[in-house]
Q: 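Pasting a structure below so you can have a look.
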Amino acid sequence: MKRFLSLALCAALAIAALTACAPQPEAEREPAGRVEADNEILTYTRIDPDRTTLIVSFTGNTSIAALAEAFEEKNPDVQVVCIDITGGNTTVRPVADCVTHAQAPDIMIVPTNILPEEVIKNYFEDLSGRPLVSAYESEALNSLALDARIYALPGPSRIDCMFYNKTLFERYGWELPRTFDEFVALCLRIREDTNGEVQPWNPNAKYSAEFTKVTEAFAYEEIFGGVENRAWYNEFCDGKASFAGHMEPYYDMLQTLIDNGLLVEEHFSYSATTRGKEFEAGKIAMYNYIVMQIGNDEGAFEFDFMPFPTTKGENGYVCNSINNFLGVPIKEHTEAEKDAIDRFLAFFSSPEGQQAYIGDSLMVSSVKGVVTKHADKIAALEPTIEQGRLFTEVNFKGAVVKKGLSLHDDALAMVKGEKTAAECIAAVDAAPFIPAEEAKTELPEAIATANERFTSLETSCFIADMYRERAGADIGLINHGVAYRGNLMRIFAGDLTEAHVNTLLPRSLANDSKLVKVSMSGQQILDALNHPVGNEGVTDSLYAFSGLRCSVAPWNPLGEKYLSVTLADGAPLEMEKLYTVAIWEGTVDEAYITETLESFEGTWEAHMLAKLRAAGTISPAKDGRITLVWE
């Protein structure tokens with residue numbers, strides 16, 4: 001029995017405080033010191049001064065903890081600090097911002113679609129001449145090559161397909177769909193058989209890449225598969241072919257989903273964490289996602305995999321793509337740091353390093369001679385793979401071919417009734433063609449301006465201020481430096497748009513959660529600070545705050561991190577007194593809350609937008625609210 005595991009990660013880490021060699025204004029640079037700073041927390045792990053510190057970033061759902069641990073075992077003189085950087089979208093790229101604003105770590109493990117080509121070519125080391133490049137399959141290298149140069153090493157490839165609840169399928173006698181029409185019919189039957197208690201399918205539409213992957217799969221045979229379709233695609237990318245007359249099957253498929261209530265507006269704001277947990281609990285029957293986690297044999301339900309059904313044909317497809325690449329940002333390093341980087345790259349490029357990185361995940365290494373583990377676990381997909389029915393997400397190269405082209409945005413407009421399928425197609429053809437070499441992403445209108453760069457800790461404090469002000473509370477709290485319902489982001493100097501606000505949104509907030517004002521005693525506040533909420537239990541982290549003044553030691557164990565806690569004006573926190581505290585629901589353990597006094601309607605983004613619009617211009621709070629102690 002295969003037990004599906006949620007891929008949500010709780011990395012108790014924040015973005016690095018670093019100095020780089022790319023030419024940047026002095027105000028953009030971090031204070032001296034690779035770890036200890038007076039306004040940033042890089043890691044909650046104590047740094048050993050006798051070892052060389054190597055800072056490695058990751059993004060999204062691929063943990064590098066096992067890779068770092070295996071590397072340290074072979075290189076005990078190096079300490080790897082793993083940091084999580086939120087990925088972003090086509091208009092706001094926190095990963096790229098970290099690089100271009102001289103805030104990059106030593107090594108970056110990055111999703112392949114997250115960095116613009118110009119950033120890679122201008123800010124990353126050229127690895128073409130390194131002998132270790134020969135360890136990789138040529139096809140994988142070629143897929144990442146830019147101007148015949150290698151700026152990044154390919155990570156393993158991942159497989160995306162449809163998961164399904166095998167227990168429910170057997171209980172109700174549901175048969176696996178071979179075609180898209182059978183898929184729609186099955187979804188309607190699931191809804192009827194379970195009286196609406198089980199959601200037939202959830203498309204993860206909040207995330208553009210995940211959504212376009214599955215919807216492209218549904219229509220792949222008709223719009224992208226085969227020589228003629230690829231010829232059309234190449235001509236379209238050259239500005240010589242139209243959308244009309246070719247893309248109708250894709251939009252017809254979307255309309256069929258909408259007409260049958262299988263694609264709804266709620267899907268476009270659905271938390272991925274919530275979706276995963278509901279799938280595990282048997283509340284969702286089918287679920288498109290990455291086949292990376294095998295799971296265990298415990299639990300009430302058994303899960304298995306199937307190919308994506310298609311609008312034409314009966315064999316389906318699976319999506320296959322390189323999950324991440326490894327790059328080395330150009331920056332100044334000591335000789336010891338350069339040596340540590342070289343050793344890490346060599347380890348990553350070895351079979352041993354690849355096995356450590358892949359672990360039990362169902363991924364295929366790009367390094368020659370690495371055997372895929374647990375291939376038997378995806379036996380249901382083997383016929384599809386053997387037939388070569390694999391595809392790589394197209395998504396029109398990030399919508400740079402036609403101005404405004406976004407399959408994801410078109411789907412949402414259709415769901416809302418703002419556009420018909422014909423109008424979406426006509427709008428694409430009416431939009432100007434943008435040659436890829438001239439493509440520029442235009443940011444929407446600014447809603448506020450940051451007049452200087454925030455550290456991630458200062459950004460967390462800004463969010464805590466927003467909570468407190470919007471709720472009219474004494475205190476505001478948000479977990480800092482963790483991926484689960486906390487803040488990992490930083491605000492860079494310059495204009496801020498709605499796209500920036502969407503990227504600031506903490507991960508994994510429950511879909512129906514709200515900003516709330518609660519009452520907590522002084523003792524409850526202390527207890528909550530010492531027991532920060534994680535994905536499973538507590539997490540080794542700190543709350544950033546508003547309305548308090550604290551001295552904290554990030555590297556101390558939980559329960560010993562807060563050295564002193566007072567109110568913002570220095571008055572003592574009275575243990576028996578009740579205070580009003582503003583939090584986002586689900587971010588503080590309910591055991592430490594006396595009463596919920598008030599909840600406030602509106603999404604997280606709506607509250608932040610209101611805060612920014614009211615402020616107009618923002619700066620980091622330099623009010624001495626937090627003192628970091630590194631001894």
Side-chain angles (χ1 to χ4, degrees), residues 88-92 113 180 183-184 187 199-220 222-224 233 236-237 241-272 275 288 308 311 393-434 439-447 497-503 505 511 602-606 609:
N89 52 48
T90 56
T91 55
V92 179
N113 62 348
F180 176 74
F183 171 77
V184 172
C187 287
Q199 189 179 162
W201 169 64
N202 187 301
N204 215 20
K206 181 178 179 180
Y207 307 93
S208 175
E210 298 300 328
F211 175 75
T212 55
K213 196 171 296 174
V214 63
T215 51
E216 283 182 13
F218 286 153
Y220 188 81
E222 294 189 80
I223 59 175
F224 296 131
Y233 176 74
F236 179 81
C237 291
S242 69
F243 231 44
H246 188 87
M247 286 296 293
E248 282 80 1
Y250 180 84
Y251 288 87
D252 289 346
M253 173 271 301
L254 290 179
Q255 192 62 57
T256 298
L257 292 174
I258 294 168
D259 290 345
N260 286 281
L262 302 177
L263 183 61
V264 297
E265 188 171 349
E266 180 189 28
H267 287 151
F268 290 82
S269 60
Y270 219 92
S271 162
R275 185 183 84 130
N288 50 283
F308 294 118
T311 54
E393 177 194 9
V394 176
N395 200 20
F396 296 92
K397 297 180 180 178
V400 300
V401 179
K402 283 280 192 173
K403 186 174 181 179
L405 170 56
S406 169
L407 300 179
H408 176 267
D409 291 351
D410 280 355
L412 180 56
M414 290 173 63
V415 166
K416 290 182 174 181
E418 297 172 349
K419 286 184 179 181
T420 64
E423 288 170 340
C424 289
I425 293 172
V428 172
D429 281 335
F433 171 70
I434 308 173
K440 301 292 182 183
T441 302
E442 295 182 9
L443 290 177
E445 181 181 355
I447 55 174
T497 68
E498 290 192 19
H500 286 93
V501 173
N502 293 336
T503 307
L505 172 68
N511 289 320
T603 63
W604 191 98
E605 299 97 312
L609 283 169

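Source: prediction; values computed, not measured.
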Q: Any sub-3.5 Å donor-acceptor pair from His267's side-chain atoms to Asn202's backbone N or O?
A: no

Q: Give a yes or no answer on whether the side chain of Asp429 reaches the backbone of Ala244 with a donor-acceptor pair at less than 3.5 Å.
A: yes

Q: Set out, in order, the CA-CA distance, both residues' side-chain angles and the distance that settles side-chain contact (heavy atoms from CB on, under 4.5 Å) for Lys206 and Leu505, then state yes or no.
A: CA-CA 12 Å; Lys206 181 178 179 180; Leu505 172 68; 3.7 Å; yes

Q: Only pairs under 3.5 Å count here: list side-chain donor-acceptor contacts from residues 410-419, not counting sequence neighbours, and write none if there are none.
A:
residue : atom : partner : partner atom : Å
Asp410  : OD2  : Tyr251  : OH           : 2.6

Q: Which atom names give the shortest non-hydrogen contact between Thr311 and Glu222, and what distance separates them?
A: OG1-OE2, 2.5 Å

Q: Search all heavy atoms of Ser242 against all heavy atoms of His246 and return the closest pair with its distance.
A: O-CB, 4.4 Å

Q: Taking all atoms of both residues into account, what is the closest heavy-atom pair of Leu609 and Glu498, and its distance?
A: CD2-CG, 3.7 Å

Q: Give the minimum heavy-atom separation between Pro203 and Leu263, together with the two atoms involved.
A: CG-CD1, 4.0 Å

Q: Search all heavy atoms of Pro200 against all heavy atoms of Cys187 and return the closest pair with its distance.
A: CG-O, 3.3 Å

Q: Atom CG of Leu407 and atom CG of Leu254: how far apart are they, to the nearest 0.5 Å?
A: 8.0 Å

Q: When you compare the side chains of Thr497 and His500, does any donor N or O come within less than 3.5 Å of an acceptor on the partner?
A: yes

Q: Tell me, please, which residues at least two apart from Thr256 pass side chain to side chain donor-acceptor pair (under 3.5 Å).
A: none

Q: Taking the side chain as every heavy atom from C-beta outward, state whether Ile223 and Met253 have any atom pair closer than 4.5 Å.
A: no

Q: In chain order, what residues pass the side chain to side chain donor-acceptor pair (under 3.5 Å) check against Tyr207, with sequence neighbours excluded?
A: none

Q: Using the test side chain to side chain donor-acceptor pair (under 3.5 Å), find all partners of Glu248 that sit at least two apart in sequence or belong to another chain.
A: none

Q: Checking Phe236 now: which residues fulfil ring pair (Phe, Tyr, Trp, His ring centres under 6.0 Å) with it, not counting sequence neighbours?
A: Trp232, Phe243, Phe396

Q: List, one per line, each side-chain donor-acceptor pair under 3.5 Å for residues 208-218, sequence neighbours excluded.
A:
residue : atom : partner : partner atom : Å
Thr212  : OG1  : Ser208  : O            : 3.0
Thr212  : OG1  : Ala209  : O            : 3.4
Thr212  : OG1  : Glu393  : OE2          : 2.7
Thr215  : OG1  : Phe211  : O            : 2.9
Thr215  : OG1  : Thr212  : O            : 3.3
Thr215  : OG1  : Tyr250  : OH           : 2.8
Glu216  : OE1  : Val394  : N            : 2.8
Glu216  : OE2  : Asn395  : N            : 2.7

Q: So if I apply the ring pair (Phe, Tyr, Trp, His ring centres under 6.0 Å) rule between Trp201 and each of Phe308, Tyr270, Phe180, Phe183, which one comes out positive?
A: Phe183

